[in-house]
Amino acid sequence: NCTPTTFRLRGQQIGLQTAIALAKAFEMTQKVEEIDLYNNALPDAGAMVLFHLAKTNNHIQRLNLGCNGLGPESATTLAQVLKYDTLKIVELGTGSEAPKQANNIESVGAMAIADALIDNESLTALGLNRNDFGSNGTEVGAAFARSLDKNRYLRVLKMSHCHLGAVGATHILESLYRNCTLFHLNLGGNNLTEH
């Protein structure tokens, strides 16, 4: 079997049918560890197919679905998959300096992911840069603070340009007093000016 361990297909505007074909191709292999579909046109249904694949194939450890326009449905499905402790790295964002919005997981999706992290024992890195949490940045910050109070596995959390606001960011920063495993935290571009 000549299956690669990393499958990268960036910026090709792939959609649901390609995601289904990939899931079928990788369903039985135990060699693929990383799927990188950054900057495509993957709909929520396509992301859900790949999340299900990651749940059933525990060899897939890294999944990059940043810059696909995914919505809160994808984030809540990911939250369910995180209960199975298979994924180690998930990227749903973009580079912090990139000009475009990563996805649209919104505050409800971000809070579902934060809640799932409380009991997760496998995820070491989560990228959410440039996902707009709207006016609920405070609630999202509080949800991630609760998860960081309990989670001792997450080492990297990227949440730049998400509209956390000063209070939401403060919640996360205060949780660092109780969490000694997170060593990379990016909260840049979140309008942290206090009013």
| From L148 atom CG to R178 atom CZ, the distance as rounded to the nearest 0.5 Å | 9.5 Å
| request: Indicate whether the side chain of T94 and that of Y38 have a donor and an acceptor atom separated by less than 3.5 Å. | output: yes
| message | Are the side chains of V140 and L164 in contact, using a 4.5 Å heavy-atom criterion? | response | yes
| Heavy-atom check, side chain of L53 versus side chain of I35, under 4.5 Å | yes
| message | If hydrophobic clusters are built by linking Ile, Leu, Val, Met, Phe, Trp and Tyr wherever their side-chain heavy atoms come under 4.5 Å apart, do M159 and V167 end up in the same one? | response | no
| note | Residues S147 and A114: closest non-hydrogen pair is CB-O, 3.0 Å
| Looking just at side-chain N and O atoms, do N131 and N104 make a donor-acceptor pair shorter than 3.5 Å? | no
| note | d(N120 CG, Y84 OH) to nearest 0.5 Å is 13.0 Å
| said: Taking V32 as the starting point, is it possible to reach I14 by hopping between hydrophobic residues whose side chains are less than 4.5 Å apart? | reply: yes
| said: If the condition is side chain to side chain donor-acceptor pair (under 3.5 Å), which residues does S107 pass it with, not counting sequence neighbours? | reply: N136
| query | Shortest non-hydrogen contact from N57 to E27? | reply | ND2-O, 3.8 Å
| query | Just how far is it from atom CG of L126 to atom NZ of K88, taken to the nearest 0.5 Å? | reply | 15.0 Å
| note | Heavy-atom closest pair (A145 atom, H171 atom, distance to 0.1 Å) is CB-O, 3.2 Å
| said: Please say yes or no: joined through hydrophobic side-chain contacts below 4.5 Å, possibly via intermediate residues, are V156 and I118 part of one cluster? | reply: no
| query | K31 and H59: side-chain contact (heavy atoms from CB on, under 4.5 Å), yes or no, with the steps? | reply | CA-CA 7 Å; K31 294 193 177 195; H59 293 279; over 6 Å; no
| query | Does any N or O in the side chain of N58 come within less than 3.5 Å of the main-chain N or O of T86, such that one atom is a donor and the other an acceptor? | reply | no
| Should L154 and L117 count as side-chain neighbours, where that means a heavy-atom distance under 4.5 Å? | yes
| field | Shortest non-hydrogen contact between V49 and A19, atoms and distance | value | CG1-O, 3.9 Å
| Gap between atom OH of Y153 and atom OG1 of T124 - 0.5 Å precision | 12.5 Å
| field | Criterion side chain to side chain contact (heavy atoms under 4.5 Å, CB included) against L65, the qualifying member of L78, L42, V90 | value | L42
| request: Could you pull out the closest heavy-atom pair between S135 and E139, with the gap in Å? | output: O-OE1, 4.2 Å
| field | Whether N40 side chain and N68 backbone form a donor-acceptor pair below 3.5 Å | value | no
| field | L50 and its side chain to side chain contact (heavy atoms under 4.5 Å, CB included) partner, picked from I60, L37, V81 | value | L37
| query | Does N129 reach the side chain of H161, with side-chain heavy atoms less than 4.5 Å apart? | reply | no
| So which heavy atom on T76 is nearest to which on A112, and how close? | CG2-CB, 3.8 Å
| field | Residues R8 and E34 bridged, charged N to O under 4.0 Å | value | yes
| request: To the nearest 0.5 angstrom, please state how far the CG atom of L9 sits from the CG atom of L22. | output: 7.0 Å
| note | OG (S122) and CG (L82) are apart, to the nearest 0.5 Å, by 7.0 Å
| said: With side-chain contact (heavy atoms from CB on, under 4.5 Å) as the criterion, how do I172 and L187 come out once you've worked through the C-alpha distance, each side chain's angles and the decisive distance to 0.1 Å? | reply: CA-CA 9 Å; I172 293 172; L187 298 177; 4.3 Å; yes
| field | side chain to side chain contact (heavy atoms under 4.5 Å, CB included) partner of F144, chosen from N151, D149, L128 | value | L128
| query | Quick check: does any side chain N or O of N64 sit under 3.5 Å from a backbone N or O of G66, one acting as donor and the other as acceptor? | reply | yes
| request: Indicate if F7 and L92 have the same hydrophobic cluster label, given that clusters are the connected sets of ILVMFWY residues with side-chain heavy-atom separations under 4.5 angstrom. | output: yes
| said: Between N191 (side chain only) and G165 (backbone N and O only), is there a donor and an acceptor less than 3.5 Å apart? | reply: no
| For atom CZ of F183, is the number of surrounding heavy atoms from other residues, nucleotides or ligands below 6.0 Å larger than 12? | yes
| task | Take L182 and R155, measure what side-chain contact (heavy atoms from CB on, under 4.5 Å) needs, and give me the verdict at the end. | result | CA-CA 4 Å; L182 192 72; R155 298 172 57 86; 5.5 Å; no
| message | Taking the side chain as everything from C-beta on, heavy atoms only, tell me whether F51 gets closer than 4.5 Å to L63. | response | yes
| Are any non-hydrogen side-chain atoms of K55 and Q80 less than 4.5 angstrom apart? | no
| Taking C-beta and beyond as the side chain, do D36 and R10 meet within less than 4.5 Å on heavy atoms? | yes
| Partners meeting side chain to side chain donor-acceptor pair (under 3.5 Å) with D115 (sequence neighbours left out) | none
| query | More than 12 foreign heavy atoms under 6.0 Å from NE2 of H163: is that the case here? | reply | no
| said: We want to know whether S74 and D44 form a side-chain donor-acceptor pair, criterion being a heavy-atom distance below 3.5 angstrom. | reply: yes
| request: Could you walk me through whether E91 and R62 pass the salt bridge (Lys or Arg N to Asp or Glu O under 4.0 Å) test, one step at a time? | output: CA-CA 8 Å; E91 180 62 65; R62 297 178 300 278; over 6 Å; no
| Any side-chain heavy-atom pair from H184 and N186 closer than 4.5 angstrom? | yes
| Would you say the side-chain atoms of N179 pair up with the backbone N or O of T181, donor to acceptor, closer than 3.5 Å? | yes
